[in-house]
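A quick write-up on the structure given underneath.
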2 protein chains.
Amino acid sequence: MLTDRQSAILGMVVDEYVETAEPVSSRALVDRHRLEISSATIRNEMARLEREGYITHPYTSAGRIPSDLGYRFYVEALMSEAPVALDERRTVEHQLHQVAGGLDEWLSLTATILSSLVGNVAVVTRPRTSTARLRHAQLVELSRDTALLVSVMDDGRVRQRILQQRQPVTQDQLNARATRLNGLLAGADAANVRDRLVGLEDPDEVATARAVAESIEELRIAEETFLDGLNMALRQPEFSDVDRMLEAVTQLQAYRLRGLLESTVDDHMGSTRVIIGQENPDTGLQDWSVVVSRYGDTDAAGVVAVIGPTRMAYQRTIPRVRYIASLMGQILRDVGQ
Amino acid sequence: MLTDRQSAILGMVVDEYVETAEPVSSRALVDRHRLEISSATIRNEMARLEREGYITHPYTSAGRIPSDLGYRFYVEALMSEAPVALDERRTVEHQLHQVAGGLDEWLSLTATILSSLVGNVAVVTRPRTSTARLRHAQLVELSRDTALLVSVMDDGRVRQRILQQRQPVTQDQLNARATRLNGLLAGADAANVRDRLVGLEDPDEVATARAVAESIEELRIAEETFLDGLNMALRQPEFSDVDRMLEAVTQLQAYRLRGLLESTVDDHMGSTRVIIGQENPDTGLQDWSVVVSRYGDTDAAGVVAVIGPTRMAYQRTIPRVRYIASLMGQILRDVGQ
DNA sequence: TTTAGCACTCTCATGGCGAGAGTGCTAACG
DNA sequence: CGTTAGCACTCTCGCCATGAGAGTGCTAAA
């Protein structure tokens, strides 16, 4: 258990290190905060904090830097969140509301805004229902023997697919087939769509129905992410060395928020989860922290996250991720279902 | 005009520099190629090549490196293309044919494959018709007073959009409206779609028609690109310095192949265009080369490109870009229209 | 025209060095 | 017993000098 003074010192170390990216010395703390106690006392406390695992130092006589545990304690118990200022909100909301394009543009813009808000990589996933159901399938003639299948889910996602036809078909025939299939498959989700396919005869019709089924399945799995701010994150001094930067680019390019949505499924809306360094099951992301929040509602939910080095301004990042998430939910509610 | 021997030397300098990324010395050329002439002679020739602007050296006594002009001459007159080996082809075609998903997955996979084939950033745009025409619009009820508009172009591209309704509508009413609009707008392109909107009365119907028009326009402008291989390109020794790497990431992240499709519109299919360094109108991309090729046919065309430092293995890159482009065209023809 | 020889230039890796920053420990102090 | 001054010790980092090495350009001779 930490004494009040130890907590206070830990807090100061984190704040200082987050700001300067330099190991924090006992002397620096006394000077910056005009402390009544001497640097020697600070050193004693620091030694204790280090024994408990909250801080380390990179070599014998450098200042201290927080460990993952130190950050965790900071986030849990010490930090006071930095509120999102009114003019910050206004700018963001202005930008977000005036987007003219479709859902994808909107999500991509959100990632850009969030990333510039916190100076790190931001990731946003498409909202999706826990089980997407087919709302409507449509067939469009492309040429004499090819058709385009468009499957629309009830959360508004769309999947297109080109189908080869054995028999030449007209648009009228395709319409009729689409009507039949809609009667059969409307409301189907990935779990039960296969069961509904029985009784079909015409091979082209079977193939089409199967393509619809696959579309539903693919959309269930697909977790499309929008990522921005790579260059922001790379400006951090932790990447002042080429190898680390290259490593970071490779890591983040490949990053797909695998399973993050699932892992947060029990979180209630509005809560924000912080995953610090080693806590991340994904090896290779263990020097990184992730701040993640769900957005949307039970019908359609997605995830918005910020990824950055463990030395992250949690104070600013956490409330901003939460704010963006709630804003997205709100806009989605206003506009959608 | 260059003598034969000067050309030969220039060729060797380019080959050597592309391979090693080190300035090429007169001595190295003699050794590596067991030349009959002495290094002093090479030096004389090199001095002449430099005076003509084909090569430079970074400081007084370093070896030579090709200038943009040198690369240009090399690409134009000296290079022999390195054919795409049979097993290379087989691997690529195997991977490309077995993709299960939709168009987007296929394009994204193509970018990945090409990038690993040439070890640089690869970019692929969606195929699009020169003037996209509306094939079909569809309206789906999302809730009592919101509808989803799905506009399908005749090149298979799709645009979705959520519409607020003033009056509550049923799916049946939406179907009827869609039928009316299709009669009115089918075949319309961005140029003439506005003219066809006259005579509509119901404000919701007008709004929908306008949304369709905007969708067409947006698709005309949108040049969605799929990019991969950033980490490949960054492994090149030219980015061994942090600032240059950061610069490169920023540059390439923002890169959108702006207007590249337009600028190649006169190229005949199968030709491959090379833009070297300063030749690129885009400032900030002037240390880069772009190898770009159209794919598809007159109905639906896109662009596939490789971006890398001017020190690029043109010999390998150019035939591989051309190969991928022709392969894409082929697959598109087989499957599509 | 080619080439050997050589002086000259510039880079780059190396090592030594000293300043500076910080710590940990000890001993004294209240 | 907690706190603090003092101090020795450690480690980093920037700086500079230095020398080897790589290459060129020039000159003069073949």
Side-chain angles (χ1 to χ4, degrees), chain A residues 1-10 12-13 16-17 19-67 70 237-238 240-242 244, chain B residues 1-10 12-13 16-17 19-67 70 237-238 240-242 244:
Chain A
M1 208 40 231
L2 296 185
T3 65
D4 283 356
R5 191 168 69 183
Q6 285 168 346
S7 294
I9 291 176
L10 178 55
M12 288 185 281
V13 169
E16 187 81 10
Y17 183 62
E19 190 182 330
T20 64
E22 305 271 302
V24 182
S25 75
S26 53
R27 183 76 180 277
L29 283 194
V30 177
D31 289 358
R32 292 262 298 195
H33 297 272
R34 309 193 183 287
L35 300 183
E36 296 300 306
I37 51 182
S38 78
S39 67
T41 308
I42 303 276
R43 281 201 290 282
N44 284 334
E45 295 287 36
M46 278 177 160
R48 243 160 280 157
L49 281 170
E50 180 158 6
R51 225 170 296 130
E52 306 284 331
Y54 292 96
I55 53 183
T56 26
H57 51 209
Y59 53 89
T60 324
S61 90
R64 296 313 209 292
I65 63 178
S67 66
E238 10 274 289
S240 58
D241 149 41
V242 195
R244 312 203 102 243
Chain B
M1 207 43 227
L2 296 185
T3 66
D4 284 355
R5 192 168 67 183
Q6 286 168 344
S7 294
I9 291 176
L10 178 54
M12 288 186 280
V13 169
E16 188 82 9
Y17 183 62
E19 190 181 331
T20 64
E22 304 271 303
V24 182
S25 74
S26 55
R27 184 76 181 276
L29 281 194
V30 176
D31 288 357
R32 293 261 300 193
H33 296 272
R34 307 192 184 289
L35 299 182
E36 297 300 306
I37 51 183
S38 77
S39 66
T41 309
I42 304 275
R43 281 202 288 284
N44 285 332
E45 295 288 34
M46 278 178 160
R48 243 160 280 156
L49 282 170
E50 180 158 6
R51 224 170 297 130
E52 305 285 331
Y54 293 96
I55 51 182
T56 25
H57 51 209
Y59 54 89
T60 324
S61 89
R64 296 312 210 292
I65 63 179
S67 67
E238 10 273 289
S240 57
D241 150 41
V242 195
R244 310 203 102 240

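In the text below, chain A, chain B and the rest are named by the order of the sequence lines, each starting its count at 1.
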- Message: For B/S67, give me all partners under side-chain hydrogen bond (donor to acceptor under 3.5 Å, both in side chains), at least two apart in sequence or on another chain.
- Response: none
- Looking at DNA chain C, which of residues 29-37 of chain A put a heavy atom within less than 4.0 Å of it? none
- Task: Using the test salt bridge (Lys or Arg N to Asp or Glu O under 4.0 Å), find all partners of B/E45 that sit at least two apart in sequence or belong to another chain.
- Result: B/R5, B/R48
- Who are the salt bridge (Lys or Arg N to Asp or Glu O under 4.0 Å) partners of A/E52, not counting sequence neighbours? none
- Item | Contacts of A/D31 that satisfy side chain to side chain contact (heavy atoms under 4.5 Å, CB included) - sequence neighbours left out | A/R27
- Task: Mind checking side-chain hydrogen bond (donor to acceptor under 3.5 Å, both in side chains) for B/E22 and listing every partner two or more places apart, or none if nothing turns up?
- Result: none
- For B/E50, which residues count as a side chain to side chain contact (heavy atoms under 4.5 Å, CB included) partner, sequence neighbours excluded? B/I55, B/T56, B/H57, B/R64
- Message: I'd like to check the salt bridge (Lys or Arg N to Asp or Glu O under 4.0 Å) partners of B/E238; sequence neighbours left out, ordered by chain and number.
- Response: B/R311
- Message: Using whole Å, what does the distance between atom C1' of nucleotide D/dG25 and atom CG of B/L49 come to?
- Response: 16 Å
- A/T41 meets the side-chain hydrogen bond (donor to acceptor under 3.5 Å, both in side chains) criterion, sequence neighbours left out, with A/S38
- Once each nucleotide of nucleotides 7-23 of chain C is scored for protein heavy atoms under 4.0 Å, what B/S/- sequence comes out, 5' to 3'? --BBS---------BBB
- Query: Under the side-chain hydrogen bond (donor to acceptor under 3.5 Å, both in side chains) test, which residues partner A/S25, sequence neighbours left out?
  - Reply: none
Polar pairs (N or O, both sides) under 3.5 Å between protein and nucleotides 27-30 of chain D?
none

